[in-house]
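In what follows, a single structure is set out as structure tokens and then discussed.
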Amino acid sequence: MRLQKYVVTATFFLLLAGSASAVLTGNESPAQAVRQAVETYCKLEFEGGWMEDRWEVTKFSNKRKAERKIGGPADASVFTLQNHYPFIVIASYDIREVRVLSPTHATAQVAYRRLAYSESATGREWHLIAEPAHDETVTLNLVFDKKKWWVLDPPAPRISKQRLLEHYEYRVKRNSSRWEQELNDPTYDEEQKANVRATRDQATGTVRILKDLP
């Protein structure tokens with residue numbers, strides 16, 4: 001099976017074109033439809049797309065719903081550039097194997113090149129931790145429902161280093177002057193200034209860490 005390797009080429013607001021799910025038609029086999037669903041899911045993760053797009057390719061078991069409060073902002077099983085849920089930074093991914101186990105269940109193995117991960121103890125207060133670059137193979141579980149395949153109970157989100165770097169470089173460039181103005185604003189008290197510093201330092205620190213990754 002030919003390996004497909006993706007590297008990011010997206011600009012800041014690039015979204016996945018076309019349908020966000022793989023629908024089984026009369027012109028493709030179940031294995032082909034499963035593979036397309038996996039490709040769509042991996043690309044969305046890689047590019048840090050919108051949470052609404054992920055809801056079009058993922059499903060959650062009742063147990064996972066209870067654990068993660070699926071369906072709203074408290075869902076920590078997806079990553080977007082609009083939130084700071086735990087995630088893993090990767091350089092690339094390879095879809096290695098797709099297996100259709102039954103008419104309604106399938107698996108796919110995806111190899112990721114890991115570079116770093118985020119750690120958070122208090123929600124939005126998170127930081128990146130670099131790690132030695134290494135390969136990690138993850139098995140995705142898929143279910144067939146409503147005429148298409150879905151990734152069931154997805155693992156921790158994996159996002160492109162380059163996509164994340166683009167986002168935070170843009171954020172620093174856009175907000176640097178405002179942060180400086182707020183820090184010198186006499187109407188801001190120390191608590192407000194501390195919050196501004198924390199936001200600035202997190203963004204600039206994230207850029208530094210990402211630039212140092214291989």
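Defined by atom type and a distance below 3.5 Å, a donor-acceptor pair is present between the side-chain atoms of Gln36 and Thr40.
Leu213 and Lys161 make their closest contact through O-NZ, 2.9 Å (heavy atoms, listed as atom of the first residue, atom of the second, distance). In this structure, Ala31 and Val98 approach most closely via the heavy-atom pair O-CG1, 3.9 Å.
Contact of the Val207 side chain with the Leu165 side chain is registered, since non-hydrogen atoms from C-beta on lie closer than 4.5 Å. Side chains of Val143 and His105 form a contact here, defined as non-hydrogen atoms less than 4.5 Å apart. Under the 4.5 Å side-chain criterion, counting only non-hydrogen atoms from C-beta, Phe46 is in contact with Ile90. In this structure, Tyr41 and Leu142 have side chains that are not in contact, with every pair of non-hydrogen atoms separated by 4.5 Å or more. Here the side chains of His127 and Gln202 are not in contact, with every heavy-atom distance at 4.5 Å or above.
Applying the salt bridge (Lys or Arg N to Asp or Glu O under 4.0 Å) test to every pair with at least one member in residues 199-214, sequence neighbours left out, gives these pairs: Glu169-Lys211.
Here Pro214 pairs with Leu115, Ala133 under the side chain to side chain contact (heavy atoms under 4.5 Å, CB included) rule; sequence neighbours left out. Applying the side chain to side chain contact (heavy atoms under 4.5 Å, CB included) test to Ile209 and every residue at least two apart in sequence or in another chain returns Leu128. Residues forming a side chain to side chain donor-acceptor pair (under 3.5 Å) with Asp153 (at least two apart in sequence, or on another chain): Ser61. Residues passing the side chain to side chain donor-acceptor pair (under 3.5 Å) test with Arg114 are Glu131, Glu136, sequence neighbours excluded. Listed by chain and number, the residues in a salt bridge (Lys or Arg N to Asp or Glu O under 4.0 Å) with Asp135 are Arg113 (sequence neighbours excluded). Applying the side chain to side chain contact (heavy atoms under 4.5 Å, CB included) criterion to Ala111, with sequence neighbours excluded, gives Asp94, Arg96, Thr137. Listed by chain and number, the residues in a side chain to side chain contact (heavy atoms under 4.5 Å, CB included) with Thr187 are Asp185 (sequence neighbours excluded). By the side chain to side chain donor-acceptor pair (under 3.5 Å) test, Arg178 is found to be paired with Asn175, Glu182, residues two or more places apart in sequence or in another chain being considered.
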Check against salt bridge (charged side-chain N to carboxylate O under 4.0 Å, His left out), Glu47 and Lys43:
CA-CA 6 Å; Glu47 294 181 351; Lys43 193 167 191 275; 3.3 Å; yes

